[in-house]
Amino acid sequence: MKKESIYHYYVEGDDEKSVLDALKRDLGCVKSGKVDKFNVVQNRFTIARIRPLKSGTIVVLIYDTDITNNMEIIKYNVEFLKMQKGIKDVICVPQVKNLEDELVNACNIKSVEEITKSASKKEYKSDINNCSNLGARLNKCHFDISKFWSRIPQNEFCEFGNDAEKIKNY
C-alpha cells in the first residue's frame, strides 16, 4: 500500500486558514494537512521553523500577489525549502490578487461579503473566521474548486507559477 503524502500548508492569515480548513474538512476538495499562519512574502523561513516537519513533507505556500515589494523574501523561502533534504516538494499557490478575489472568481458572487452575508469587507474578515458552516456557505455560492487558485499572477510572482492542481481533489 502506497504511503500517503504529508502536506503542510503555510497561509497568510486567519481567513485563509478558515477557508483552507473548510476546503479540506467540509468539501474534501484539497489534500489534508496541517495549516500554519506564516506570511511567506514577508517572513523568512528558519531551520527552527521547519524542524518540526516530518521527513518527506510537501510544503504548500499560499500567498497574496497584490504586493510585489518583497520578492527577495519569497525567492529566499522557496530556495531555502527546496534545499532541505527532509522536504519532499515545495508547492507554490498564488492568490490572484488575494483570497477575496479568489473566492469571487470561484463562486457565483459579485462580492466576497455575500458568502458570510456581511455588511462590509471589515465585517467579512471576522465573520469568515467565526463561520461554523463555511463549507455549506461556499456550496450555496456555487463554489467551484477548478476556478479557485487557477490563475497565474500577471506580475513578478508569475516566476513561481501555480502548482495548486497538485493539492486539489476532484
Side-chain angles (χ1 to χ4, degrees), residues 7-45 49 58-74 77-78 90-170:
Y7 290 85
H8 198 108
Y9 296 86
Y10 290 97
V11 298
E12 185 176 306
D14 289 323
D15 50 344
E16 281 94 353
K17 187 174 184 333
S18 296
V19 169
L20 187 56
D21 285 341
L23 296 179
K24 291 183 317 173
R25 181 186 59 241
D26 302 339
L27 303 179
C29 57
V30 296
K31 305 282 186 203
S32 186
K34 187 170 183 340
V35 182
D36 278 335
K37 281 186 349 186
F38 184 77
N39 189 326
V40 301
V41 176
Q42 293 180 353
N43 305 303
R44 292 181 189 270
F45 275 99
R49 177 163 288 281
I58 297 170
V59 173
V60 183
L61 308 177
I62 300 173
Y63 50 90
D64 291 350
T65 61
D66 53 354
I67 298 173
T68 60
N69 61 346
N70 289 331
M71 294 304 295
E72 70 281 350
I73 294 176
I74 191 165
N77 284 335
V78 170
V90 178
I91 295 175
C92 292
V93 180
Q95 298 188 130
V96 178
K97 303 184 172 193
N98 53 39
L99 176 64
E100 292 84 358
D101 288 333
E102 286 291 341
L103 288 169
V104 169
N105 187 57
C107 295
N108 188 16
I109 56 175
K110 288 190 178 18
S111 73
V112 75
E113 295 92 332
E114 293 177 49
I115 296 170
T116 55
K117 300 188 182 352
S118 304
S120 68
K121 240 186 188 151
K122 186 178 181 184
E123 280 184 27
Y124 149 80
K125 288 271 191 185
S126 61
D127 290 347
I128 203 159
N129 294 333
N130 297 320
C131 186
S132 60
N133 63 340
L134 185 54
R137 290 197 181 208
L138 289 170
N139 273 336
K140 207 174 236 182
C141 295
H142 306 285
F143 177 81
D144 183 350
I145 188 63
S146 70
K147 293 180 181 176
F148 193 66
W149 296 328
S150 62
R151 302 171 290 172
I152 294 179
Q154 299 300 306
N155 59 19
E156 291 92 340
F157 286 100
C158 68
E159 79 176 82
F160 303 106
N162 184 341
D163 297 323
E165 290 301 311
K166 294 180 179 179
I167 61 167
K168 293 180 182 180
N169 295 326
Y170 288 101

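None of these values were measured; they are calculated from a predicted model. What's counted below: heavy atoms across the whole structure, side chains too, no hydrogens, waters or symmetry copies.
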Can you check side-chain contact (heavy atoms from CB on, under 4.5 Å) on Lys24 and Val35, steps first, answer last? CA-CA 10 Å; Lys24 291 183 317 173; Val35 182; 3.5 Å; yes

Look at the rings of Phe45 and Phe38 and say which category their plane angle falls in: under 30° parallel, 30 to 60° tilted, over 60° perpendicular. tilted

Check ring-ring contact (aromatic ring centres under 6.0 Å, His included) between Tyr124 and all other residues, then give those that pass, not counting sequence neighbours. none

Just checking Lys97: does its NZ atom have more than 12 heavy atoms from other residues, nucleotides or ligands closer to it than 6.0 angstrom? no

Check for a donor-acceptor pair, side chain of Asn169 on one end and backbone N or O of Val30 on the other, with a separation under 3.5 Å. yes

Are the side chain of Asn39 and the backbone of Gln42 linked by a donor-acceptor contact shorter than 3.5 Å? yes

Should we say atom CD of Gln154 is surrounded by more than 12 heavy atoms from elsewhere, each under 6.0 Å from it? no

Tell me the closest heavy-atom pair linking Pro94 and Trp149, and the distance in Å. O-CD1, 4.1 Å

Side chains of Val41 and Ile67: does their closest heavy-atom pair fall under 4.5 Å? no

Does the side chain of Lys31 come within less than 4.5 Å of Ile58's, by heavy atoms? no

Interatomic distance, OG@Ser146 vs NZ@Lys168, rounded to 0.5 Å, equals 6.5 Å

Apply side-chain contact (heavy atoms from CB on, under 4.5 Å) to Glu102 and Arg151, showing your working. CA-CA 9 Å; Glu102 286 291 341; Arg151 302 171 290 172; 3.6 Å; yes

For Asp15, is there any backbone N or O sitting under 3.5 Å from a side-chain donor or acceptor partner on Asn129? yes

Interatomic distance, Asp26 atom CG to Ser132 atom OG [nearest 0.5 angstrom]: 9.5 Å

Non-hydrogen atoms of Leu103 and Val112 that approach each other most closely: CD1-CG2, 3.9 Å

CA sep, side-chain torsions, deciding dist, call: Glu72, Arg44, salt bridge (Lys or Arg N to Asp or Glu O under 4.0 Å): CA-CA 10 Å; Glu72 70 281 350; Arg44 292 181 189 270; 5.4 Å; no

Sub-4.5 Å side-chain heavy-atom contact between Leu27 and Ile145: no

Would you say Asn108's side chain and His142's backbone share a donor-acceptor pair under 3.5 angstrom? no

Run through Val60, Ile167, Ile62 and flag the one making a side-chain contact (heavy atoms from CB on, under 4.5 Å) with Leu20. Ile62

Tell me which pairs pass salt bridge (charged side-chain N to carboxylate O under 4.0 Å, His left out) where either residue lies in residues 104-123, with sequence neighbours left out. none

Between Lys37 and Glu16, does any side-chain N to carboxylate O distance fall below 4.0 Å? no

Residues Gly135 and Ala22: closest non-hydrogen pair is N-CB, 4.0 Å

Among all residues two or more places apart in sequence or in another chain, which pass the ring-ring contact (aromatic ring centres under 6.0 Å, His included) test with Tyr9? none

Considering non-hydrogen atoms only, spot the tightest contact between Tyr7 and Ser32 and give its length. CB-O, 3.5 Å

For Asp163 and Val90, work out which heavy atoms get closest and say how close. OD2-O, 4.1 Å

Using modelled atom types and a 3.5 Å cut-off, is there a donor and acceptor pairing between side-chain atoms of Asn98 and backbone atoms of Asp64? no

Any ion pair linking Asp14 and Lys17 (charged N to carboxylate O, less than 4.0 Å)? no

Roughly how far apart are Lys140 NZ and Cys107 SG, rounded to 0.5 Å? 13.5 Å

Ignoring hydrogens and geometry, is there a side-chain-to-backbone donor-acceptor pair from Asp101 to Gln95 under 3.5 Å? no

Any side-chain donor near an acceptor of the partner, Tyr170 and Glu165, under 3.5 Å: yes

My understanding is that only one of Val93, Leu23, Leu138 makes a side-chain contact (heavy atoms from CB on, under 4.5 Å) with Phe148; could you say which? Leu23

Given Arg137, which of Ile128, Thr116, Asp127 fulfils the side-chain contact (heavy atoms from CB on, under 4.5 Å) condition? Thr116

Which atom of Leu134 lies closest to which atom of Ile115, heavy atoms considered: CD1-CG2, 4.0 Å

Quick one: pull up CZ in Phe143 and CG in Asn105 and give me the separation to the nearest 0.5 Å. 10.0 Å

